Structures are given as C-alpha cells and as structure tokens.
Number of protein chains: 2
Amino acid sequence: MSNMSSMEKADLLKLVGKRIKEIRESKGLAQLDVAVRMEGNIDTTNISRIESGRTNPTVYTLFRISQALEVPMSDLFNIEYSNSMQDEV
Amino acid sequence: MSNMSSMEKADLLKLVGKRIKEIRESKGLAQLDVAVRMEGNIDTTNISRIESGRTNPTVYTLFRISQALEVPMSDLFNIEYSNSMQDEV
DNA sequence: CTTTGACATGTCAAACATGTCAAGTATGGA
DNA sequence: TCCATACTTGACATGTTTGACATGTCAAAG
C-alpha cells in the first residue's frame, strides 16, 4: 500500500479487505469468531463483503473489526512508510 | 487514542474528526482547500461534519481526505507506537 | 452419498453517509 | 458598519452500508 496516490476506490476496498482477511487468518480465526467478538450486532455477511472488497465500510465498522482482531486500526491499512515520506507530491 | 478497547462510537468519531482537523490546520489548509484537493465532488459540508464527529465516514472518504492532506491513513488514527508515550490510560 | 463447516452471494428493509443548496454564526479587516 | 472568509448547521434527495436471512459452493469428514 505504498503508492496510494493513484488508487481507485475498488482497489482500496480490495486491499483493505485482503489485509483484514490476512490478519484474521494469521490469528486462526473464522469470520464467525470475529463477528462474535465484535461489539453490537453483526453477522458474517458483512465481514465477508468487507473482506472481498464488495462494500465500503465505515470507520466504526473497521474499528470494531480491529478490536475483534486485537490489532491497531493502522494494521488494517498495512502502512509502512519505513523508508520514505508519503506522497511527496 | 489510547485504550481504544472501551471506546464508543461517538468517541471514536470525535477523536478521528479532531485528528483530521489537527492535521489540516497544521498544514495551514482551510476545509475548502481540502475539498478542492479531494477526488470526486465534495464541498466543505461533509468535511465539517466529519471533523466534528457528527458522521461516521466510510473508508474511501477517509482515504480521499488523507490524500488531500498528504498523510498516510494511519495518521488519521493518531497511532502512538512511534515516539510518544504508550497508553498512559 | 450425506453432513458439516466455512465462506460467498442474493435479496430485502432500515439506517445512515454523502452531496447539494441555503442559511446562520463568528472573526477580522477596510 | 459593511464585507469577506471560514466554518457550522439544517433540510432534502440519492445512494450505500448494514443487519437479517436464505441459498449456493466447495472441501473435508464420516
């Protein structure tokens, strides 16, 4: 997710979704496990839609997912500007 | 944004909004400047609502804002792993 | 072959984000 | 005071996310 400057909506959603799935699987969790851990009502339908990039989730939904996965929200964006600055225009 | 585990929706939205405003002002930009730099149609109304935490923005909207502000998306969440102190709670 | 688990996908309704315009507030300067 | 800039707030239409449920697919197990 380094050169985000020219990214389109569909690409962003796919990347975020893939990242969420990656984290979830690395923790050995099923979508249902995440749903159960999330605050408020949710079912796996929405998690599936988010992971496949078919929906444009709100920040609160992403927040609840990051809570359930026990990672900071920044992890969902997999941002590592380790060596450079962002988009020096 | 420490101890996010017990945060409620309204608090999350207020924090993110405050952080966006903080970054925007640190760059000497007006809401209108951000709107103009953002992809797609937008005016300052939505930016105002997001900054005041009155709406729950989608990830794509936050993405466009981070682009306009020329910061990585993680900056919008004020990740504290870097140099600042950790979770003083 | 049937069952079970995990996930994708379709539909529906309710709630909500966004975009747009208009009007209001506040501040600072001429 | 008047005017301009910056931002907030209300109302509304439009589109989309979300939650709920049903169904489809696929693989593994029995």
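We use all heavy atoms of the structure for the numbers below, so side chains are in, but hydrogens, waters and symmetry mates are not. Convention: sequence-line order gives letters A, B, ...; per-chain numbering from 1. Because the structure is a prediction, the values reported are computed rather than measured.
- When the P atom of dG19(D) is taken as reference, atom CD1 of Ile47(A) falls 9 Å away, rounded to whole Å.
- Atoms CG (Leu32(A)) and P (dC7(C)) sit 9 Å apart, rounded to a whole Å.
- Residues Thr44(B) and Ala35(B) share a closest heavy-atom pair of N-CB, 4.4 Å.
- Note that CG of Leu69(B) is 7.0 Å distant from CG of Leu76(B), once rounded to the nearest 0.5 Å.
- One can place CD of Glu51(A) at 14 Å from P of dA6(C), the figure rounded to the nearest angstrom.
- Between Glu51(A) and the options Arg19(A), Arg24(A), Lys21(A), a side-chain hydrogen bond (donor to acceptor under 3.5 Å, both in side chains) holds for only Arg24(A).
- Crowding of Lys27(A) atom NZ: a count of heavy atoms from other residues, nucleotides or ligands under 6.0 Å exceeding 12.
- For Gln31(B), a side-chain nitrogen or oxygen approaches OP1 or OP2 of dT8(D) to under 4.0 Å.
- Nearest heavy atoms, Met38(B) versus Ala68(B): CG-CB, 3.7 Å.
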Sequence-aligned protein contact record of nucleotides 11-30 of chain C, with B where the base is within under 4.0 Å of a protein heavy atom and S where only the sugar-phosphate is
B-----SBBBB---------
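- Summarising the geometry of Asn56(A) relative to Tyr60(B), their closest heavy-atom pair is OD1-N, 3.1 Å, with the distance given to 0.1 Å.
- Contact check, Arg24(A) against dC7(C): a side-chain N or O comes under 4.0 Å of OP1 or OP2.
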